[in-house]
Amino acid sequence: MIETHDLTKYFNDFLAVDHVSILVEPGTIFAMLGPNGAGKTTTIRMLTSILQPSEGWARVAGYDVVQQPTLVRSHVGVLTEQHGLYERMKGAEYLDFFARIYHLSPDDRQHRPAALMKHFGLGDALDKRLGEYSKGMKQKLALVRAMLHDPSVLLLDEPTSAMDPQSAKLVRDAIRDLRREERTIAITTHNLTEAQSLADHIAVIRKGRIIANGTFKQLSERFVGPPLMELHLAGRLNGATAELAPLVDVVEQGDAWLRYRTRDPQRDNPNVVRRLTGLGVDIVTLSEVSQTLEDVYLQIVEEDEGLERDGQRNE
Amino acid sequence: MVSVTSKVDNRAPVPAQGYVRGTRAYIARTLGNALIVTRREVRDSFRDWRIMVPIFLLTLIFPLLANGMTNVFIGFFEDNGAEPLLPALLPLLPMIVGFFPVSISLVIALETFVGEKERLSLEPLLSTPLTNTELYLGKAFAAMLPPLLASYTGLAIYIGALVLGEQQWRPAPFLIVQIVVLTTVQALVMVTGAVVVSSQTTSTRAANLLASFIIIPVSMLVMLESVIMVQPHRRYLLWYIVAGLLVTVVLLIRMGARIFNREELLGRSLDQLNLRWVARIFWSQFRGPLGDRFTLWRWYRLSVFPALRNLRSGMLVLFLCLAAAFIGGWAAAGEWQVPLDQFEANDETLLDNLQSWFELGQDNPQLIALAVGQNLRVLLAATILAVFTFGVMALLLVMIPFGILGFIMAQVTMSDLSVLPFLLGVIPHGVIEIPAIIIAGAAALRLGSVVTRPPKDMTVGEAWVRALGDTVKIGLAVVLPLIVVAGILEVTLTPRVIEFVLAR
């Protein structure tokens with residue numbers, strides 16, 4: 001579990017993280033989104049007990065990040081933003097070095113790195129020097145390193161950056177598997193499609209503050225509005241829109257199509273269909289317009305920028 | 001599906017605070033973990049030809065060249081009838097043979113710390129359960145071991161070739177021990193210094209530039225050692241240098257262990273000086289927690305006196321050092337007695353001298369300025385030197401006058417002269433001046449030594465700027481007024497008191 005309360009970090013005068021409070025339960029994936037320099041990496045570093053909070057507190061895997069830093073780091077697997085490997089070492093040597101630091105048993109030291117490397121398609125690369133690894137291989141090796149000691153909490157900074165689509169899928173599947181094993185996972189990413197597909201809970205960070213958080217559905221409803229439905233008709237609308245006004249909120253329309261929002265599609269869609277059919281309008285298709293996390297994210301950031309410009313941002 | 005699970009070895013559990021019980025177990029675990037890092041670093045160093053080639057050359061080739069040079073020197077000196085000089089000059093060669101490989105430790109130390117930071121490979125390491133001490137020791141050992149081994153090997157080759165060769169010179173075992181100890185301690189100084197330098201920078205370039213702060217003093221030290229080495233009867237002085245270097249090592253280790261922490265290593269992202277921030281911190285410390293209302297009394301009460309209270313332990317150290325200097329001066333008087341009896345230094349002569357001083361001083365208020373200026377100059381010099389010597393020079397500089405005072409007092413006591421006029425020459429203004437010196441010395445000591453142990457919640461830079469704020473504040477608010485009052489007393493009251501006593 002990851003729990004923070006008013007976690008704050010100053011670098012001299014600069015406020016990097018501003019009273020961040022989160023709760024991530026085991027078996028869930030929490031995604032932190034935000035522009036570069038928003039404070040995501042600083043938050044991760046505080047959760048790893050690398051940086052000390054200026055204010056507030058955080059507990060990771062049940063341990064306090066300030067009082068029990070060694071225990072925190074023993075139970076956390078970290079994929080850092082810059083995975084910086086030792087280029088002159090071989091893959092096996094590199095993993096053995098970290099396995100020794102984590103005091104894995106000799107048996108585990110021998111078998112676990114090889115098994116993980118094989119799982120990520122790097123079984124043949126164990127004896128290669130890291131300088132010869134491709135970017136994606138390095139990223140996967142860094143992920144193997146983070147999982148080496150079987151941590152209960154994983155903090156993954158951009159886990160699939162630099163990976164080809166096939167490798168990225170492999171990693172996403174691995175992250176889902178880890179969720180099934182009831183591990184607590186926090187990721188930061190700029191890949192919004194990935195965040196949407198993986199995350200159970202999303203927080204958008206801007207200038208050190210969480211400006212929005214919730215499930216994708218909650219964020220989508222709050223910032224973009226209720227589900228958007230699109231209706232295509234066989235003929236022209238001919239004023240049918242006015243008939244729909246009491247039922248739903250029509251937001252756009254053309255000669256033979258319209259879009260409306262509804263908080264309860266289960267209830268409202270059949271009514272709309274009945275009303276239009278009653279008016280003699282034939283319906284060709286009725287479908288939900290899919291909202292992407294990108295739409296939601298851009299809307300959130302835009303709103304916050306607007307509030308900031310107007311000086312209305314809640315402090 | 002990632003279903004590979006692991007068990008942590010029960011015999012060697014993950015290090016945890018509060019887990020390790022007992023000092024021996026703690027030390028064993030710390031060293032064990034440090035050596036994991038050392039092993040990796042050393043292996044990495046051995047794979048880097050840029051490190052290995054110079055070490056190889058300095059270890060194998062250079063000693064043999066030095067051996068050849070020894071031959072040439074012996075021949076040259078013998079040809080010119082200067083054989084007696086050989087025992088003095090030849091020990092320079094093993095000293096150089098030992099020192100050259102050790103100088104590489106600086107390069108490795110800078111590389112292992114700041115190089116790793118620059119290659120961004122440090123953060124994964126910082127994310128592991130290794131403690132700061134384990135990381136620090138592991139990397140420091142790694143920086144020291146290859147060059148020291150190279151140095152010892154080089155020395156062994158050089159001396160082995162001497163012993164097995166045809167040369168007549170056989171260095172005494174004691175000299176070899178002295179050179180080995182000196183070489184080792186120099187390596188320790190350079191590595192511990194490099195740790196401090198590299199943890200304060202983010203690029204190898206910046207670290208190399210700052211390394212001159214290590215290279216220059218060590219080069220000067222080697223020159224001094226060479227001067228001593230060519231004087232066989234003074235070679236005992238090299239042990240004093242070893243002792244001094246060991247003290248420096250302890251201070252640097254203390255400083256390195258404190259500032260080698262994750263926060264400093266990763267939180268520091270700029271090598272530039274943020275003058276605005278420095279000015280703000282300095283001003284907030286100088287001003288103190290006054291809020292919006294500034295009055296002189298509030299400033300003294302809320303800012304100056306609390307800062308003074310923080311100097312209590314420093315003042316105690318200063319007091320003990322001054323007392324030690326006085327006693328030392330007194331003890332030295334027994335060794336080098338001045339024949340005061342041969343001077344016409346009776347009360348009348350003293351009175352005459354004093355009166356001529358009065359005539360000189362009357363209508364000459366500049367004497368006060370001179371007295372004040374002299375004291376301020378010494379205290380300022382002590383403060384500036386303290387910054388570069390971890391506070392040591394602040395102690396030494398203010399101790400010297402007290403040593404001299406003890407020496408003079410002892411001489412007077414041992415002669416037939418009366419001690420009273422000398423005591424009265426010190427006490428009236430000394431009552432004010434000595435506390436001022438102790439306070440100023442304590443502030444300078446703190447300014448110099450705070451970098452070796454900054455408070456836990458502060459960076460080295462912030463701790464130093466705050467100490468500077470306190471030093472300037474105490475200097476202006478306490479020391480300066482005391483020194484001015486002491487100066488006035490020294491010129492106006494002290495001579496009158498002496499005159500009064502002597503005239504009676």
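Chain A is the first sequence line, chain B the second, and so forth, proteins listed ahead of strands; every chain is numbered from 1. Nothing here was measured: the structure is a model prediction, and the numbers come from that model.
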Test side chain to side chain contact (heavy atoms under 4.5 Å, CB included) applied to B:Leu125 and A:Phe97, step by step: CA-CA 10 Å; B:Leu125 201 55; A:Phe97 169 60; 3.7 Å; yes
B:Pro129 versus A:Tyr102, closest heavy-atom pair with distance: CD-CE2, 3.3 Å
Closest approach of A:Met89 and B:Arg47, non-hydrogen atoms and distance?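 In this case the closest contact between A:Met89 and B:Arg47 is CA-NH1, 3.7 Å.
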For the interface with chain B, which of A:Ile50, A:Thr42, A:Leu79 has the highest count of heavy-atom pairs at distances below 4.5 Å? A:Ile50
With respect to chain A, which residue among B:Glu462, B:Arg43, B:Arg280 yields the maximal number of heavy-atom pairs within a distance under 4.5 Å? B:Arg280
Counting heavy-atom pairs under 4.5 Å with chain A, the top scorer among B:Asp48, B:Ile281, B:Leu122, B:Val37 is B:Asp48
If I measure from the heavy atoms of chain B, does [X] come under 4.5 Å with its side chain, its backbone, both, or neither?
{"X": "A:Ser54", "result": "neither"}
{"X": "A:Phe98", "result": "side chain"}
{"X": "A:Arg109", "result": "neither"}

Does B:Ile36 offer a backbone N or O that forms a donor-acceptor pair with the side chain of A:Arg100 under 3.5 Å? no
Intermediate values then yes/no, side chain to side chain contact (heavy atoms under 4.5 Å, CB included), B:Leu126 and A:Arg73: CA-CA 9 Å; B:Leu126 298 182; A:Arg73 287 194 290 267; over 6 Å; no
When rounded to the nearest 0.5 angstrom, what is the spacing between [atom1] in [X] and [atom2] in [Y]?
{"X": "B:Arg39", "Y": "A:Glu93", "atom1": "CZ", "atom2": "CD", "result": "12.5 Å"}
{"X": "A:Thr70", "Y": "B:Glu134", "atom1": "OG1", "atom2": "CD", "result": "7.5 Å"}
{"X": "B:Glu123", "Y": "A:Thr41", "atom1": "CD", "atom2": "OG1", "result": "7.5 Å"}

